[in-house]
Protein chains: 2
Amino acid sequence: MDTINNKVDGKGRVSLPSDYRAIVKELSSEIVCYRSLSLPCIEGCLEETLDKLASDIETSTDFFSETQDNLTNLIFGDAKRFAFDSTGRITLTEKLLKHAQITNEAVFVGKGRKFQIWNPENWEKEEARIRADALKNRPSLRTKEID
Amino acid sequence: MDTINNKVDGKGRVSLPSDYRAIVKELSSEIVCYRSLSLPCIEGCLEETLDKLASDIETSTDFFSETQDNLTNLIFGDAKRFAFDSTGRITLTEKLLKHAQITNEAVFVGKGRKFQIWNPENWEKEEARIRADALKNRPSLRTKEID
DNA sequence: ACAACATTTATGGTATATCATGGGATTTTG
DNA sequence: CAAAATCCCATGATATACCATAAATGTTGT
(Lines give C-alpha, C1' and ligand atoms only; values in the text may rest on other atoms or scores of the structure.)
Protein backbone atom coordinates (compact mmCIF):
# COMPACT_ATOMS: atom_id res chain seq x y z
CA MET A 1 0.00 0.00 0.00
CA ASP A 2 0.79 3.68 -0.18
CA THR A 3 2.96 5.78 -2.47
CA ILE A 4 6.46 6.71 -1.32
CA ASN A 5 9.20 8.81 -2.89
CA ASN A 6 12.80 7.74 -2.19
CA LYS A 7 16.21 8.84 -3.44
CA VAL A 8 18.30 6.78 -5.81
CA ASP A 9 22.06 7.24 -5.43
CA GLY A 10 24.83 6.94 -8.00
CA LYS A 11 25.09 3.21 -7.46
CA GLY A 12 21.42 2.65 -8.16
CA ARG A 13 20.71 2.04 -4.50
CA VAL A 14 17.24 2.79 -3.17
CA SER A 15 15.53 2.05 0.14
CA LEU A 16 12.56 -0.24 -0.05
CA PRO A 17 9.90 1.59 2.02
CA SER A 18 9.79 0.17 5.52
CA ASP A 19 6.13 -0.82 5.28
CA TYR A 20 6.90 -2.87 2.19
CA ARG A 21 9.92 -4.39 3.87
CA ALA A 22 7.95 -5.46 6.91
CA ILE A 23 5.57 -7.43 4.75
CA VAL A 24 8.28 -8.97 2.59
CA LYS A 25 10.33 -9.99 5.61
CA GLU A 26 7.52 -12.11 6.96
CA LEU A 27 7.83 -14.39 3.96
CA SER A 28 11.25 -13.89 2.40
CA SER A 29 14.36 -11.74 2.35
CA GLU A 30 14.22 -10.81 -1.30
CA ILE A 31 11.92 -9.54 -3.99
CA VAL A 32 11.69 -10.02 -7.73
CA CYS A 33 11.72 -7.08 -10.16
CA TYR A 34 11.09 -6.87 -13.90
CA ARG A 35 10.23 -4.32 -16.57
CA SER A 36 6.52 -3.70 -16.90
CA LEU A 37 5.22 -5.03 -20.20
CA SER A 38 2.93 -2.12 -20.92
CA LEU A 39 4.17 0.82 -18.84
CA PRO A 40 7.43 2.72 -18.36
CA CYS A 41 7.93 1.44 -14.83
CA ILE A 42 9.50 -1.37 -12.83
CA GLU A 43 7.28 -4.00 -11.26
CA GLY A 44 8.15 -5.89 -8.11
CA CYS A 45 6.64 -8.74 -6.12
CA LEU A 46 7.50 -11.84 -4.15
CA GLU A 47 8.86 -14.76 -6.12
CA GLU A 48 5.91 -16.89 -5.06
CA THR A 49 3.58 -14.40 -6.76
CA LEU A 50 5.26 -15.06 -10.09
CA ASP A 51 5.20 -18.80 -9.46
CA LYS A 52 1.51 -18.66 -8.74
CA LEU A 53 0.95 -16.73 -11.94
CA ALA A 54 2.79 -19.34 -13.96
CA SER A 55 0.84 -22.25 -12.53
CA ASP A 56 -2.45 -20.42 -12.93
CA ILE A 57 -1.78 -19.95 -16.60
CA GLU A 58 -0.62 -23.53 -17.02
CA THR A 59 -3.92 -24.88 -15.79
CA SER A 60 -5.97 -22.24 -17.52
CA THR A 61 -8.39 -23.29 -20.26
CA ASP A 62 -8.59 -19.75 -21.52
CA PHE A 63 -8.61 -19.49 -25.29
CA PHE A 64 -5.97 -16.79 -25.06
CA SER A 65 -3.76 -18.69 -22.66
CA GLU A 66 -1.14 -19.12 -25.35
CA THR A 67 -0.78 -15.36 -25.50
CA GLN A 68 -0.55 -15.16 -21.75
CA ASP A 69 2.01 -17.93 -21.77
CA ASN A 70 4.19 -15.85 -24.05
CA LEU A 71 3.78 -12.84 -21.81
CA THR A 72 4.70 -14.93 -18.81
CA ASN A 73 7.86 -16.07 -20.56
CA LEU A 74 8.73 -12.46 -21.21
CA ILE A 75 8.41 -11.62 -17.54
CA PHE A 76 10.33 -14.66 -16.33
CA GLY A 77 13.09 -13.96 -18.79
CA ASP A 78 13.36 -10.43 -17.52
CA ALA A 79 12.82 -10.98 -13.80
CA LYS A 80 15.71 -10.85 -11.37
CA ARG A 81 15.96 -11.38 -7.63
CA PHE A 82 16.94 -8.47 -5.41
CA ALA A 83 17.97 -9.01 -1.80
CA PHE A 84 17.90 -6.00 0.47
CA ASP A 85 20.94 -5.19 2.60
CA SER A 86 21.09 -4.55 6.35
CA THR A 87 19.75 -1.02 5.89
CA GLY A 88 16.87 -2.15 3.70
CA ARG A 89 18.12 -1.09 0.27
CA ILE A 90 18.20 -2.83 -3.08
CA THR A 91 20.44 -1.84 -5.99
CA LEU A 92 18.52 -1.69 -9.21
CA THR A 93 20.15 -2.53 -12.52
CA GLU A 94 20.81 -0.14 -15.38
CA LYS A 95 18.35 -2.00 -17.57
CA LEU A 96 15.49 -1.48 -15.12
CA LEU A 97 16.35 2.14 -14.32
CA LYS A 98 16.58 3.00 -17.99
CA HIS A 99 13.24 1.38 -18.80
CA ALA A 100 11.55 3.47 -16.09
CA GLN A 101 13.57 6.60 -16.86
CA ILE A 102 14.65 6.80 -13.23
CA THR A 103 17.71 8.83 -12.26
CA ASN A 104 17.72 10.49 -8.81
CA GLU A 105 14.30 9.70 -7.42
CA ALA A 106 11.94 6.77 -7.47
CA VAL A 107 8.31 6.51 -6.47
CA PHE A 108 7.05 3.25 -4.99
CA VAL A 109 3.37 2.60 -5.69
CA GLY A 110 1.56 -0.17 -3.82
CA LYS A 111 -0.61 -2.59 -5.83
CA GLY A 112 -1.62 -5.14 -3.24
CA ARG A 113 0.39 -8.28 -4.04
CA LYS A 114 2.71 -6.30 -6.30
CA PHE A 115 4.20 -2.81 -6.44
CA GLN A 116 5.57 -0.49 -9.09
CA ILE A 117 8.57 1.85 -9.18
CA TRP A 118 8.20 5.03 -11.24
CA ASN A 119 10.01 8.13 -12.29
CA PRO A 120 8.17 10.80 -10.19
CA GLU A 121 7.01 12.94 -13.11
CA ASN A 122 5.81 9.92 -15.06
CA TRP A 123 3.84 8.65 -12.09
CA GLU A 124 2.21 12.03 -11.61
CA LYS A 125 0.88 11.88 -15.14
CA GLU A 126 -0.11 8.24 -14.91
CA GLU A 127 -1.98 8.80 -11.66
CA ALA A 128 -3.94 11.68 -13.16
CA ARG A 129 -4.83 9.47 -16.11
CA ILE A 130 -6.00 6.63 -13.90
CA ARG A 131 -8.10 8.85 -11.65
CA ALA A 132 -9.80 10.49 -14.61
CA ASP A 133 -10.49 7.06 -16.04
CA ALA A 134 -11.91 5.79 -12.77
CA LEU A 135 -14.26 8.75 -12.46
CA LYS A 136 -15.58 8.01 -15.91
CA ASN A 137 -16.39 4.46 -14.81
CA ARG A 138 -17.75 5.63 -11.49
CA PRO A 139 -21.07 3.73 -11.53
CA SER A 140 -19.27 0.39 -11.55
CA LEU A 141 -16.92 1.55 -8.82
CA ARG A 142 -19.80 2.51 -6.62
CA THR A 143 -21.11 -1.03 -6.51
CA LYS A 144 -17.68 -2.16 -5.40
CA GLU A 145 -17.69 0.42 -2.61
CA ILE A 146 -14.44 2.12 -3.47
CA ASP A 147 -15.94 5.53 -3.11
CA MET B 1 -23.28 7.08 14.15
CA ASP B 2 -23.28 10.81 14.53
CA THR B 3 -20.75 13.36 13.38
CA ILE B 4 -17.94 14.25 15.75
CA ASN B 5 -15.62 17.25 15.64
CA ASN B 6 -12.04 16.74 16.87
CA LYS B 7 -8.90 18.85 16.91
CA VAL B 8 -5.96 18.21 14.62
CA ASP B 9 -2.56 19.26 16.00
CA GLY B 10 0.54 20.44 14.19
CA LYS B 11 1.73 16.89 13.58
CA GLY B 12 -1.54 15.88 11.96
CA ARG B 13 -2.61 13.89 15.00
CA VAL B 14 -6.31 13.43 15.61
CA SER B 15 -8.27 11.27 18.02
CA LEU B 16 -10.46 8.64 16.43
CA PRO B 17 -13.83 9.06 18.20
CA SER B 18 -14.18 6.47 20.95
CA ASP B 19 -17.30 4.95 19.42
CA TYR B 20 -15.39 4.30 16.21
CA ARG B 21 -12.43 2.95 18.11
CA ALA B 22 -14.54 0.48 20.04
CA ILE B 23 -15.86 -1.01 16.82
CA VAL B 24 -12.48 -1.14 15.12
CA LYS B 25 -10.74 -2.68 18.12
CA GLU B 26 -12.98 -5.72 18.01
CA LEU B 27 -11.49 -6.65 14.65
CA SER B 28 -8.13 -4.92 14.31
CA SER B 29 -5.81 -2.30 15.75
CA GLU B 30 -5.57 -0.20 12.64
CA ILE B 31 -7.61 1.38 9.90
CA VAL B 32 -6.96 2.25 6.28
CA CYS B 33 -7.43 5.77 4.93
CA TYR B 34 -7.42 7.16 1.39
CA ARG B 35 -8.51 10.22 -0.55
CA SER B 36 -12.11 10.11 -1.69
CA LEU B 37 -12.24 9.76 -5.44
CA SER B 38 -14.95 12.34 -5.99
CA LEU B 39 -15.20 14.42 -2.81
CA PRO B 40 -12.80 16.66 -0.90
CA CYS B 41 -12.64 14.36 2.10
CA ILE B 42 -10.71 11.43 3.56
CA GLU B 43 -12.31 8.01 3.65
CA GLY B 44 -11.51 5.32 6.19
CA CYS B 45 -12.35 1.65 6.60
CA LEU B 46 -10.94 -1.65 7.82
CA GLU B 47 -8.20 -3.28 5.77
CA GLU B 48 -10.32 -6.34 5.17
CA THR B 49 -12.76 -4.17 3.25
CA LEU B 50 -10.05 -3.23 0.76
CA ASP B 51 -8.74 -6.78 0.63
CA LYS B 52 -12.16 -8.07 -0.26
CA LEU B 53 -12.43 -5.49 -2.98
CA ALA B 54 -9.02 -6.45 -4.36
CA SER B 55 -9.85 -10.14 -4.51
CA ASP B 56 -13.12 -9.32 -6.25
CA ILE B 57 -11.17 -7.48 -8.90
CA GLU B 58 -8.59 -10.24 -9.19
CA THR B 59 -11.17 -12.90 -9.87
CA SER B 60 -13.13 -10.78 -12.30
CA THR B 61 -10.22 -9.94 -14.58
CA ASP B 62 -6.95 -11.55 -15.52
CA PHE B 63 -3.41 -10.85 -14.42
CA PHE B 64 -2.56 -8.74 -17.45
CA SER B 65 -5.78 -6.77 -17.57
CA GLU B 66 -5.37 -3.04 -17.88
CA THR B 67 -8.58 -2.40 -15.98
CA GLN B 68 -7.32 -4.39 -13.03
CA ASP B 69 -3.99 -2.63 -13.10
CA ASN B 70 -5.71 0.74 -12.99
CA LEU B 71 -8.02 -0.19 -10.15
CA THR B 72 -5.38 -1.76 -7.96
CA ASN B 73 -3.10 1.21 -8.54
CA LEU B 74 -5.85 3.56 -7.58
CA ILE B 75 -6.78 1.70 -4.43
CA PHE B 76 -3.51 0.42 -3.04
CA GLY B 77 -1.40 3.28 -4.30
CA ASP B 78 -3.41 5.80 -2.37
CA ALA B 79 -4.46 3.83 0.71
CA LYS B 80 -2.29 3.70 3.82
CA ARG B 81 -2.54 1.88 7.12
CA PHE B 82 -2.96 3.95 10.27
CA ALA B 83 -2.44 2.36 13.65
CA PHE B 84 -3.80 4.28 16.60
CA ASP B 85 -1.52 4.93 19.54
CA SER B 86 -2.17 4.21 23.22
CA THR B 87 -4.39 7.27 23.50
CA GLY B 88 -6.42 6.42 20.41
CA ARG B 89 -4.98 8.84 17.89
CA ILE B 90 -3.82 8.46 14.30
CA THR B 91 -1.50 10.85 12.51
CA LEU B 92 -2.79 11.73 9.09
CA THR B 93 -0.42 12.48 6.24
CA GLU B 94 0.03 15.82 4.46
CA LYS B 95 -1.40 14.36 1.27
CA LEU B 96 -4.65 13.38 2.94
CA LEU B 97 -5.00 16.60 4.97
CA LYS B 98 -4.38 18.70 1.89
CA HIS B 99 -6.92 16.81 -0.18
CA ALA B 100 -9.58 17.39 2.47
CA GLN B 101 -8.41 20.96 3.23
CA ILE B 102 -8.12 20.08 6.91
CA THR B 103 -5.96 22.23 9.18
CA ASN B 104 -7.03 22.53 12.84
CA GLU B 105 -10.28 20.63 13.01
CA ALA B 106 -11.74 17.49 11.48
CA VAL B 107 -15.29 16.16 11.39
CA PHE B 108 -15.86 12.41 11.47
CA VAL B 109 -18.96 11.24 9.61
CA GLY B 110 -20.13 7.64 9.96
CA LYS B 111 -21.11 5.80 6.75
CA GLY B 112 -21.80 2.25 7.88
CA ARG B 113 -18.80 0.11 6.97
CA LYS B 114 -16.81 3.24 6.18
CA PHE B 115 -16.46 6.75 7.55
CA GLN B 116 -15.38 10.11 6.19
CA ILE B 117 -13.21 12.88 7.61
CA TRP B 118 -14.09 16.43 6.55
CA ASN B 119 -13.04 20.00 6.96
CA PRO B 120 -15.90 21.37 9.17
CA GLU B 121 -16.99 24.11 6.77
CA ASN B 122 -16.88 21.79 3.80
CA TRP B 123 -18.98 19.22 5.62
CA GLU B 124 -21.56 21.84 6.54
CA LYS B 125 -21.97 22.68 2.86
CA GLU B 126 -21.98 19.06 1.80
CA GLU B 127 -24.64 18.16 4.34
CA ALA B 128 -26.83 21.02 3.13
CA ARG B 129 -26.32 19.86 -0.44
CA ILE B 130 -27.29 16.30 0.45
CA ARG B 131 -30.45 17.47 2.23
CA ALA B 132 -31.48 19.70 -0.64
CA ASP B 133 -30.83 16.89 -3.08
CA ALA B 134 -32.91 14.47 -1.06
CA LEU B 135 -35.87 16.84 -1.01
CA LYS B 136 -35.65 17.51 -4.71
CA ASN B 137 -35.66 13.82 -5.55
CA ARG B 138 -38.52 12.97 -3.22
CA PRO B 139 -41.42 15.37 -3.85
CA SER B 140 -43.78 13.03 -2.01
CA LEU B 141 -41.75 13.40 1.15
CA ARG B 142 -42.00 17.12 0.91
CA THR B 143 -45.77 17.28 0.65
CA LYS B 144 -46.12 14.96 3.61
CA GLU B 145 -43.87 17.13 5.69
CA ILE B 146 -45.80 20.26 4.78
CA ASP B 147 -49.07 18.68 5.80
C1' DA C 1 -31.38 15.53 43.74
C1' DC C 2 -26.92 16.69 44.57
C1' DA C 3 -22.25 16.34 45.69
C1' DA C 4 -17.99 13.91 45.74
C1' DC C 5 -15.45 10.78 43.42
C1' DA C 6 -13.87 7.72 39.63
C1' DT C 7 -13.22 6.65 34.73
C1' DT C 8 -12.93 7.45 30.17
C1' DT C 9 -11.67 10.53 26.57
C1' DA C 10 -9.27 14.32 24.31
C1' DT C 11 -5.17 17.01 23.72
C1' DG C 12 -0.42 18.92 24.38
C1' DG C 13 4.41 18.13 24.98
C1' DT C 14 8.74 15.45 25.17
C1' DA C 15 11.81 11.46 24.71
C1' DT C 16 12.96 7.58 22.06
C1' DA C 17 13.37 4.46 18.25
C1' DT C 18 13.26 3.88 13.45
C1' DC C 19 14.19 5.12 8.85
C1' DA C 20 16.43 7.09 4.82
C1' DT C 21 20.70 8.28 2.99
C1' DG C 22 25.70 9.38 2.36
C1' DG C 23 30.33 7.74 2.63
C1' DG C 24 33.71 4.38 3.03
C1' DA C 25 35.62 -0.46 3.60
C1' DT C 26 35.65 -5.02 2.01
C1' DT C 27 34.86 -8.64 -1.03
C1' DT C 28 34.05 -10.53 -5.55
C1' DT C 29 34.81 -10.91 -10.48
C1' DG C 30 36.70 -10.62 -14.92
C1' DC D 1 45.26 -6.15 -10.47
C1' DA D 2 41.53 -3.10 -11.67
C1' DA D 3 36.61 -2.46 -11.73
C1' DA D 4 32.48 -3.32 -9.92
C1' DA D 5 29.36 -5.01 -6.81
C1' DT D 6 28.27 -5.82 -1.95
C1' DC D 7 28.44 -4.96 2.87
C1' DC D 8 28.99 -2.07 7.01
C1' DC D 9 29.00 2.10 9.81
C1' DA D 10 27.71 7.18 10.89
C1' DT D 11 24.43 10.84 10.86
C1' DG D 12 20.39 13.74 10.37
C1' DA D 13 15.65 13.70 9.82
C1' DT D 14 11.28 11.85 10.78
C1' DA D 15 7.86 9.32 12.92
C1' DT D 16 6.40 6.73 16.84
C1' DA D 17 5.85 5.64 21.73
C1' DC D 18 5.39 7.49 26.16
C1' DC D 19 3.89 10.56 29.88
C1' DA D 20 1.17 14.30 31.83
C1' DT D 21 -2.67 17.36 32.03
C1' DA D 22 -7.42 18.77 31.11
C1' DA D 23 -12.05 18.06 29.94
C1' DA D 24 -16.03 15.37 29.80
C1' DT D 25 -18.75 11.66 31.28
C1' DG D 26 -20.39 8.30 34.45
C1' DT D 27 -21.02 6.35 39.26
C1' DT D 28 -21.87 6.09 44.02
C1' DG D 29 -23.58 7.41 48.50
C1' DT D 30 -26.16 10.26 51.45
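Here the structure is a predicted model, which is why all the values come from computation and not from measurement. Below, chain A is the first sequence line, B the second, and so on; all start at residue 1.
- Summary of the strand contacts: B:Arg21 and A:Ser18 both lie near DNA chain C, and taking for each the nucleotide with the nearest heavy atom, the more 5' one is attributed to B:Arg21.
- Residue A:Arg13 places its side chain closer to C:dG23 than to any other of C:dT21, C:dT11, C:dG23.
- For A:Arg89, the listed nucleotide lying nearest its side chain is C:dT21; candidates were C:dG24, C:dT21, C:dA10.
- Annotation: side chain of B:Leu37 is in contact with side chain of B:Leu74 (closest heavy-atom distance under 4.5 Å).
- C:dG12 atom C1' lies 8 Å from atom NZ of B:Lys11, rounded to whole Å.
- For B:Thr91 and D:dT16, the shortest distance from a side-chain N or O to OP1 or OP2 is below 4.0 Å.
- Between B:Leu16 and B:Phe82, every side-chain heavy-atom pair lies at or beyond the 4.5 Å cut-off.
- We find that CG of A:Asp85 is positioned 17 Å from P of C:dT26, with the value rounded to whole Å.
- The interatomic distance linking B:Ile90 (CD1) with C:dT9 (P) rounds to 16 Å, in whole Å.
- No engagement by A:Ile4 is indicated, since no non-hydrogen atom pair under 4.0 Å with the nucleic acid exists.
- Salt-bridge formation is detected for the pair A:Arg131/A:Glu127: a Lys NZ or Arg NE/NH1/NH2 atom is positioned less than 4.0 Å from an Asp or Glu carboxylate oxygen.
- Residue A:Asp9 contributes atom CG, which lies 13 Å from atom C1' of D:dT6 at whole-angstrom precision.
- One atom, CG of B:Asp19, and another, C1' of D:dA24, lie 14 Å apart when rounded to the nearest Å.
- Counting only heavy atoms from C-beta outward, the side chains of A:Asn104 and A:Val8 never approach each other to under 4.5 Å.
- One interatomic measurement links the two molecules: CG of A:Leu92 to C1' of C:dT21, which rounds to 15 Å at whole-angstrom precision.
- Between the side chain of B:Lys7 and the base of C:dT9, no donor-acceptor pair under 3.5 Å is found.
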